[in-house]
Participant: 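One structure, as structure tokens, below. Some questions next.
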Amino acid sequence: MKFKSTNIINSKEILYNDHYVAIPYDCSALTADSSGIIKAGTVVPANDSTAIGILLYDVKKEDNPNGTVVIHGFIKSGALPEELSSEADLKQITFI
């Protein structure tokens, strides 16, 4: 079996501190940017009333669509790739 290692250079730190709760998430249905990466800080599954959390790390969809979604914790609001929608109801996440 052959393994391929891919490093993502532009990963952002979105957490304000190290106290958070996260769950695994299959990101295969999310839209990646032109380089095939779903950016850390993306609202999952969408930036609307269906939101369940914030993607913790960049995900290279082609290599492995599995990601980690923060559902409770403190997030740097400036680290989000887009402004949080007023419809997104993420009461367990505090944006700082």
Participant: Taking all heavy atoms of A51 and all of V43, pick out the closest pair and write down the distance.
Facilitator: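 Scanning both residues, the minimum pair turns out to be CB-CG1, 3.5 Å.
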
Participant: Working to the nearest 0.5 Å, report the span between CD of Q92 and CD1 of I52.
Facilitator: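 It comes to 13.0 Å.
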
Participant: Do the side chains of V21 and F74 join up, straight or via other hydrophobic residues, at under 4.5 Å, putting them in one cluster?
Facilitator: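 No; F74 is not reachable from V21 via cluster members.
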
Participant: Answer yes if I23 and I38 sit in the same cluster of Ile, Leu, Val, Met, Phe, Trp and Tyr residues linked by side chain heavy atoms under 4.5 Å apart, and no otherwise.
Facilitator: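 Yes; tracing contacts between hydrophobic side chains, which count when under 4.5 Å, links both residues.
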
Participant: Rounded to the nearest 0.5 Å, what separates atom OG in S77 from atom CD in E83?
Facilitator: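 If I round to the nearest 0.5 Å, the distance is 9.5 Å.
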
Participant: Hey, what do you get for OG1 (T42) to CD1 (I54), rounding to the nearest 0.5 Å?
Facilitator: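 Interatomic distance, T42 OG1 to I54 CD1, rounded to 0.5 Å: 8.5 Å.
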
Participant: Tell me if a side-chain donor or acceptor on S28 pairs with a main-chain N or O of P65 at a distance below 3.5 Å.
Facilitator: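 No, S28 side chain to P65 backbone: no donor-acceptor pair under 3.5 Å.
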
Participant: When hydrophobic residues are tied together by side-chain contacts of less than 4.5 Å, even through go-betweens, does I71 share a cluster with L30?
Facilitator: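 Yes, I71 connects to L30 through the hydrophobic network.
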
Participant: Between V59 and I37, does a side chain to side chain contact (heavy atoms under 4.5 Å, CB included) hold up when you go through it step by step?
Facilitator: CA-CA 6 Å; V59 172; I37 295 174; over 6 Å; no

Participant: If I take atom OG from residue S49 and atom CG from residue D89, how far apart are they, to the nearest 0.5 angstrom?
Facilitator: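 CG of D89 is found 9.0 Å from OG of S49.
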
Participant: Using a 4.5 Å cut-off on heavy atoms from C-beta on, say whether the side chain of I14 contacts that of K76.
Facilitator: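 K76 does not reach I14 side chain to side chain.
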
Participant: Apply the test side chain to side chain contact (heavy atoms under 4.5 Å, CB included) to residues Y20 and L56: give CA-CA distance (whole Å), side-chain angles for both, the deciding distance (0.1 Å), then the verdict.
Facilitator: CA-CA 10 Å; Y20 66 95; L56 181 56; 3.8 Å; yes

Participant: Tell me whether Y16 shares a hydrophobic cluster with V70, the cluster being built from Ile, Leu, Val, Met, Phe, Trp, Tyr side chains joined at under 4.5 Å.
Facilitator: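 Unlinked, Y16 and V70 end up in two clusters.
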
Participant: List the steps, then state whether side chain to side chain contact (heavy atoms under 4.5 Å, CB included) holds for N47 with E82.
Facilitator: CA-CA 9 Å; N47 194 0; E82 65 179 345; 3.5 Å; yes

Participant: Taking D58 for its side chain and A40 for its backbone only, find out whether a donor-acceptor pair lies under 3.5 Å.
Facilitator: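 Checked: pair present.
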
Participant: Just verifying a value: how many Å separate L84 CG and L90 CG, rounded to the nearest 0.5 Å?
Facilitator: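 Rounded to the nearest 0.5 Å, the CG-CG separation comes out at 6.0 Å.
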
Participant: According to a hydrophobic-cluster definition based on side-chain heavy atoms being under 4.5 Å apart (Ile, Leu, Val, Met, Phe, Trp, Tyr only), do Y57 and L15 belong together?
Facilitator: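 Looking at the clustering, L15 is in the same group as Y57.
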
Participant: Please report the closest heavy-atom contact between K39 and P81, naming both atoms and the distance.
Facilitator: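 Where K39 meets P81 most closely, the heavy atoms are CB-CG, 4.1 Å.
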
Participant: Which heavy-atom pair separates K61 from A29 by the least distance, and what is that distance?
Facilitator: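 Shortest heavy-atom separation between K61 and A29 comes out as NZ-C, 4.5 Å.
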
Participant: Decide yes or no on side chain to side chain contact (heavy atoms under 4.5 Å, CB included) for I93 and F95, but give the supporting numbers first.
Facilitator: CA-CA 6 Å; I93 296 177; F95 294 93; 3.6 Å; yes

